[in-house]
Every structure is written in C-alpha cells, then in structure tokens.
Novice: 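Input: one structure, supplied below.
Chain A is the first sequence line, chain B the second, and so forth, proteins listed ahead of strands; every chain is numbered from 1. Only this structure's heavy atoms are used, side chains among them; waters, hydrogens and symmetry mates stay out.
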Amino acid sequence: MDNETIGSTLDQVADLLEIEGASVFRVRAYRGAARTVSALASPVSTLPDKGPGSLEELPGIGKDLAGKIRELAETGELALLHELKSRTPESLIHLLELPGLGPKRAKAIHEGLGIDTIEELEKAAREGRLRALKGVGPKLEAQILEGIAARAARGKRISLAEAEAQVEPIVARLREVVGVSQIEVAGSYRRRRDNVGDVDILVAADASVAIGKKLISDPATDKVLADGDTKTSVLLKSGLQVDLRVVPASSFGAAMHYFTGSKAHNIAIRTLGVRRKLKISEWGVFQEDKRLSGEREEDVFASVGLAWVPPELREDRGEIDAAREGKLPKLVERADLRGDFVGGNLDADGIAAIASACAAKGAAWLVVLGATRHDVERAQKHAGKVKLFAGAVVPIGADGSIGTSEDVDVVIGEIHAADLDEKSLTQALVAAAKSGRIHVLARPSNGGKPKQFDVEAVAKVCREHGVLLGLDARPAFLAGADGYARAVKDTGARIAITSRAANADEAAHIRFGFDQARRGWCEAKDVANTLSAEAFETLLARR
DNA sequence: GCCGTTTTCGGCCCGACTGTTTTCAGTCG
C-alpha cells in the first residue's frame, strides 16, 4: 500500500474513533501519523525496521502506530479499522465533511435518528426531523441542507498558482483602503504549499476600518459567509474561500504566526510556551495576563527561545529543534536563480524571447530541451549574455536502459512507467543513474501524480555519479515535491528545477519549484539552478 | 496514542464563533 493510501486510511481510523468518542489525544495521534506518513518521500517498506530512520523514530509515531503502519504497508489491511467499521457505519465519515457537523453531532444523528448516510440526512433535514436532537435548531438544519447542496464545490484544493492568480488582484485592491498599515496573505499560501484550500488575508488596522466591506464589494466576491468586526469570510465566484482578519498593529506578528500555521507547528510552539508558563495566542505572548510581545513574528519565536523560522518550514518536521539549536538551513532564494531548463519546440525567436525573460530574473544559462546544438548556436546570437545549452529528454526503459537522442549538451532521462511497482522502478532509476549517459534524472510521474520509489536509494547513486535529480516546477507536477526535495537534500545529492517552459510566462513557473525546494529545506548548494554558467558547465563535464 | 529541562504517569494549544442555550457544547482553524 502506498504512503498516501496509508495516510488516508489512518485518517479514516481517526474519523471513526472521533465519532465513537475516543480520546481527542488518541485521535490527534492518528491524524499526526497520517500526515507524517503521507509526507514521506519514499515508501514505508524501504524504511529500516529499527534504529535511525525507522518509523518509530518519526515524531508522533511510537511502537503502536508503527505496527499499524507496517500492517497497512505489508497487508493493505488494518484489523482496527475492520473492528471500528463493525461498530460504526463507515458512511458516517462523509457527514463530517459538512460544515457545522463534527463527530459529536454525527454520533447523535446516527444514534438518535438512525441516520447513516448523507441521503438519509438530507431527507431528515427537509422533514425538519433534525431539530429533535438537542442542540440542533432550524438554523443548523438549514446550514446542513446548504452544505449538502454545495458539497461538490467544497473542500476542493486548488494549485498555488491558481490561488495566486485569484488572490493577488484582490490584495492589491484591499491595500488601497485608507487606514491599512500592513496586509499579508497567511496560511498554507504563505507556507507555499503546492495546493491551498482557502486563503487567509491578514490586515493590521483599526477594527473601524471598512476593509471587510471592501472585500464584500470586491468584483471577485460571490457570496458572504461571515461579516464580523474582525473577521470577514467570502466565497469567490471561482469557489475559493477567502477569510479576512483585522488585528491591531501591536498583534500583527502574533497573528501572522498564528494564521500562517501549520496547525501542528502552532501546537508545538504553544506547547513550548506552556513549559515556560507563557500563553501564546494570535493576540500575543502573555505571562499571567500580562502581555509581553506580539508586534513582530520574531517575538513569538524569541519568547520560546527560537530563531525565526521561514514559513515554508513550519510543518513540525524538525524545524523547531533546528531553530533552537541554530541549525536552520539558509534556504535557497528566488534571487539565487542562475539557470533553468526550458523547452517545447522552440524556434530561434522563441528561445531568444525566453532567454531575455529569464535573464531579467537573473538567469545566466538555459538548457533548451528539444533543440539541437545547431539551433542553440543560432539562437545564442540573440540570447544576450545567457549561455545556452542544447538539451534532450530521453526515455528510460523499464530495465533502466537509456533511449537515444541527438548529440546534445544535457540529457534528461525520464521514465514512463505507469505499471512499474516501487521496487522495479527504483531498480530502473538506479540503473539509469549509473549508466553515465544522463545528466538529470527526471522525477517519475504518472500524469502529475508522483510515482513512489525509494528516493534515498536513487539519490545516493545519483550523488555518487554526479547526476542531478529533476524537480518539475510546472504547477500540475508539484505534488509531494517538497518531501522529495528534502529526501534528495538529506542524501547530499542535488536537485535541478525544470520549468520546461514553452514561453516567457511559463518560465516564471520556476518560482513554484523554488518554493517546494525551500519546503524541502534546500539551500542554494542543494540546487543546481543556482550555479554560475561556468560551474554548471564544469558539472556537466565532470559527470 | 505519544512523550519527558515538571514527568515512565499524567498530561496533551488556544481562542472565536455559532446556535442553542439561560451558562454552554460543538465546531472550526
């Protein structure tokens, strides 16, 4: 069973436990494990049984959960889940997806009314039977019906690129409101997750400033979900939910920290606060009701003895220990960009256009995929100072054999292996990396869905043979790229971020690759795109 | 179910909002 499925199975267990009324801490443990396993770059089966790197060593996973995860990985089944399903109908899990319905009410609905499915729930709500339950009145009943009607559109996450395109113009309009001193987008958007579920905009201003009204009247707004003094929520016409929160400037740092999350990171930070007898909230850092700080985000970290942590790292994946020990990575920055891999049947004019757009972003070299040395030589005259390399993408066979290509400077090996299992895929990639015929090993993907393989094992071979590991920066190919980058970095190998842009607009997508590399703790030295043209050429020759 | 600068047992983040209540439980982020 692959890691993602193991994660969602553990989430199901958590849902059912929650409905049963199990300890919230036990539920949290399962959710934490689900998150941790889903984010692993390599399949659970490739982890060592004991000692460093084993399941038990992962934060929040102890003996019991490690056993359950192994059970799932090896057999695809989980005895506990069967047991839970025998007591509580599985279909109740779907009730939790409705706004206003949590575990307690789902349980009450099941036990009090004998309702197990959304269809039964809808019927009962229409007939006004739900309000027979304690704590449920007409408003909740209406909300549930509305939730059922809108459930297809809810909970859908969109790519970061799409979210940027929708949110940036809105933020620009909100920024114009008089009395707004600071405005930032927080949440997973600020952490640069490859997909976002909703968008949190944080504003420093007096509560009296009419910024909520401005959002409500924004041309992109479709529907108002909440409209209070400090919080306004709307649904955009696209279906994206935007939450706007107004805080005083004195709390802006604490609020930024809080609303940036992640939830797991916040819990970890607050737990550190508790040990120091501090209370940390979105309003600031408090000691016995006395407010100590909160104007700047750094204040929150400093209050628990930590250095400021870049948002991309705030996933409770070791950043807190690193911040305490002064071992945070100096993350690669977009300004470090020196080169990219572009392509897509470009003619000399197209190459020149991309070269000039990339040069404006700091590029000193470009690998042009699908171009011959002759094409590149001709285009070089119009490419200014940007050094061009001819590149080719060649197929890797299921046995690791490398296909043929034109005589080019840079060869990217790409495996098309929808049907290969983890082990065969790993073997093929290792063989390709050892072949001495490729410079970059593309990340295996099945139409944007990453294929699982033993990243550590492959990256180790790549490091030994001077092969770069590709990270496709196109928005549809970013899933799991952060964990992949982290695994590559940890083995000491280097990644190569490839925009594969066919035009200047697409070349700007390289930033999404940088985002994921940052989420993967990569420093400039871990990313080949930061090399000067000379250093990149040397690297090509050395392989 | 996890975990240890209080701890191997007894804790486990914090606040806002909502709808239903006459003091609070449930949900959400």
Novice: Indicate yes or no: does Arg35(A) engage Asp11(A) in a salt bridge with an N to O separation below 4.0 Å.
Specialist: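 No.
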Novice: Just call it for Ile269(A): base, sugar-phosphate, or nothing, with non-hydrogen atoms closer than 4.0 Å on any strand.
Specialist: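 Touches nothing.
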Novice: Tell me whether the count of non-hydrogen atoms from other residues, nucleotides or ligands lying under 6.0 Å of CD in Glu4(A) goes above 12.
Specialist: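 No, CD of Glu4(A) has 12 or fewer neighbouring heavy atoms, counting only those of other groups under 6.0 Å.
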Novice: How close or far is atom C1' of dG29(B) from atom CG of Asp198(A), stated in whole angstroms?
Specialist: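 So the CG-C1' distance, Asp198(A) to dG29(B), works out to 8 Å.
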Novice: dC14(B) and dT6(B): how far apart are their P atoms, nearest whole angstrom?
Specialist: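 So the two P atoms sit 16 Å from each other.
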Novice: Does Glu56(A) come within less than 4.0 Å of Arg70(A), counting only side-chain N to carboxylate O?
Specialist: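 Yes, this pair counts.
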Novice: I'd like the P distance from dT23(B) over to dA16(B), given in whole Å.
Specialist: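 To the nearest whole Å, 23 Å.
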Novice: Identify whether any heavy atom of Val136(A) sits under 4.0 Å from a base atom; if not, whether one sits that close to sugar-phosphate; answer base, sugar-phosphate or nothing.
Specialist: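 Sugar-phosphate, no base atom in range.
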Novice: Roughly how far apart, to the nearest Å, are dT22(B) and dG29(B) at atom C1'?
Specialist: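 Each nucleotide's C1' atom is 28 Å from the other's.
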Novice: Under 3.5 Å, which protein N or O atoms sit close to an N or O of nucleotides 11-16 of chain B? Give each pair with its distance.
Specialist:
{"residue": "dC13(B)", "atom": "OP1", "partner": "Arg28(A)", "partner atom": "NH1", "Å": "2.9"}
{"residue": "dC13(B)", "atom": "OP1", "partner": "Arg28(A)", "partner atom": "NH2", "Å": "3.1"}
{"residue": "dC13(B)", "atom": "OP2", "partner": "Arg28(A)", "partner atom": "NH1", "Å": "3.1"}
{"residue": "dC13(B)", "atom": "O2", "partner": "Arg270(A)", "partner atom": "NH1", "Å": "3.1"}
{"residue": "dC14(B)", "atom": "O4'", "partner": "Arg270(A)", "partner atom": "NH1", "Å": "2.7"}
{"residue": "dG15(B)", "atom": "OP1", "partner": "Lys279(A)", "partner atom": "NZ", "Å": "2.8"}
{"residue": "dA16(B)", "atom": "OP1", "partner": "Trp283(A)", "partner atom": "NE1", "Å": "3.2"}

Novice: Please report the distance, rounded to the nearest Å, between CG in Leu244(A) and P in dC17(B).
Specialist: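 Rounding to the nearest Å, CG of Leu244(A) and P of dC17(B) are 13 Å apart.
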Novice: Write down the distance separating the C1' atoms in dT8(B) and dC12(B), rounded off to the nearest Å.
Specialist: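 Those two atoms are separated by 15 Å.
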Novice: Of all the nucleotides listed (dG1(B), dT27(B), dT20(B)), which has the minimum atom distance to the side chain of Arg105(A)?
Specialist: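 The answer is dT27(B), which lies nearest to the side chain.
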Novice: At 4.0 Å (heavy atoms only), tell me whether Lys277(A) reaches a base, stays on the sugar-phosphate, or touches nothing.
Specialist: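 Nothing, no nucleic acid heavy atom in range.
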Novice: Given atom CG of Leu133(A) and atom C1' of dC24(B), what is their separation to the nearest angstrom?
Specialist: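 Result: 17 Å.
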Novice: Taking the side chain as every heavy atom from C-beta outward, state whether Met256(A) and Val300(A) have any pair of such atoms under 4.5 Å apart.
Specialist: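 No, every pair of side-chain atoms sits at 4.5 Å or beyond.
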Novice: Are the side chains of Arg443(A) and Asp472(A) in touch, meaning some heavy atoms are under 4.5 Å apart?
Specialist: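 When only atoms from C-beta onward are counted, Asp472(A) and Arg443(A) do not touch, as no gap falls below 4.5 Å.
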Novice: Once you round it to whole Å, what is the distance between P of dG1(B) and CD of Glu56(A)?
Specialist: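 After rounding, the gap between these two atoms is 15 Å.
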Novice: Ignoring hydrogens and geometry, is there a side-chain-to-backbone donor-acceptor pair from Thr75(A) to Leu72(A) under 3.5 Å?
Specialist: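 Checking the backbone N and O of Leu72(A) against the side chain of Thr75(A), no donor-acceptor pair under 3.5 Å is found.
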Novice: Expressed in whole Å, how much space separates the P atoms belonging to dT5(B) and dG1(B)?
Specialist: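 One P to the other, the span is 23 Å.
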Novice: Quickly work out the Leu55(A) CG to dC2(B) C1' distance and round it to whole Å.
Specialist: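 It works out to 15 Å between those atoms.
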Novice: In whole angstrom, give the distance that lies between atom CG of Leu272(A) and atom C1' of dT6(B).
Specialist: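 Atom CG in Leu272(A) sits about 15 Å away from atom C1' in dT6(B).
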Novice: Please determine, by modelled atom types, if Thr221(A) and Asp218(A) share a side-chain donor-acceptor pair under 3.5 angstrom.
Specialist: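 Side chains of Thr221(A) and Asp218(A): no pair found under 3.5 Å.
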Novice: Strictly below 4.0 Å: does Lys134(A) bring a side-chain N or O up to OP1 or OP2 of dT21(B)?
Specialist: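 False: Lys134(A) side-chain N/O out of range (4.0 Å or more) of dT21(B) OP1/OP2.
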Novice: Could you tell me how far dT18(B) sits from dG10(B) if I compare only their C1' atoms? Round to whole Å.
Specialist: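 These two C1' atoms come out 33 Å apart once rounded.
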Novice: Partners of His110(A) by ring pair (Phe, Tyr, Trp, His ring centres under 6.0 Å), sequence neighbours excluded?
Specialist: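 With sequence neighbours excluded, His110(A) shows a ring pair (Phe, Tyr, Trp, His ring centres under 6.0 Å) to no residue whatsoever.
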Novice: Using atom C1' of each nucleotide, how far apart are dG26(B) and dT21(B) to the nearest Å?
Specialist: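 Approximately 12 Å lies between the C1' atom of dG26(B) and that of dT21(B).
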Novice: Once you apply the 3.5 Å cut-off to both distances, tell me the Watson-Crick or G-U wobble partner of dG11(B), or none.
Specialist: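 dC2(B) is the nucleotide pairing with dG11(B).
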Novice: Report the distance from atom CG of Asp200(A) to atom C1' of dC28(B), rounded to the nearest whole Å.
Specialist: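 After rounding, the gap between these two atoms is 12 Å.
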Novice: In whole Å, what separates the P atom of dG4(B) from that of dC13(B)?
Specialist: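 One P to the other, the span is 14 Å.
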Novice: Let me know the distance between CD1 of Ile19(A) and C1' of dG26(B), rounded to the nearest Å.
Specialist: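 These atoms are roughly 14 Å apart.
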Novice: Could you work out which one of dG19(B), dC2(B), dT27(B) sits closest to the side chain of Ala29(A)?
Specialist: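 Taking heavy atoms from C-beta onward, the closest nucleotide is dC2(B).
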Novice: If you assign each of Pro59(A) and Lys139(A) to its closest nucleotide in DNA chain B, which residue comes earlier from the 5' end?
Specialist: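 Of the two residues, Pro59(A) wins.
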Novice: Could you say whether Lys104(A) or Leu140(A) is positioned toward the 5' end of DNA chain B, judged by the nucleotide with the nearest heavy atom to each?
Specialist: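 It is Leu140(A) whose nearest nucleotide is closer to the 5' end.
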Novice: Taking only residues at least two apart or on different chains, which pairs with a member in residues 298-321 of chain A satisfy side-chain hydrogen bond (donor to acceptor under 3.5 Å, both in side chains)?
Specialist: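 Sorted pair list: Arg191(A)-Glu315(A), His265(A)-Glu319(A), Arg296(A)-Asp299(A), Glu297(A)-Trp308(A), Glu297(A)-Arg314(A), Glu312(A)-Arg518(A), Glu315(A)-Arg519(A), Asp321(A)-Arg324(A).
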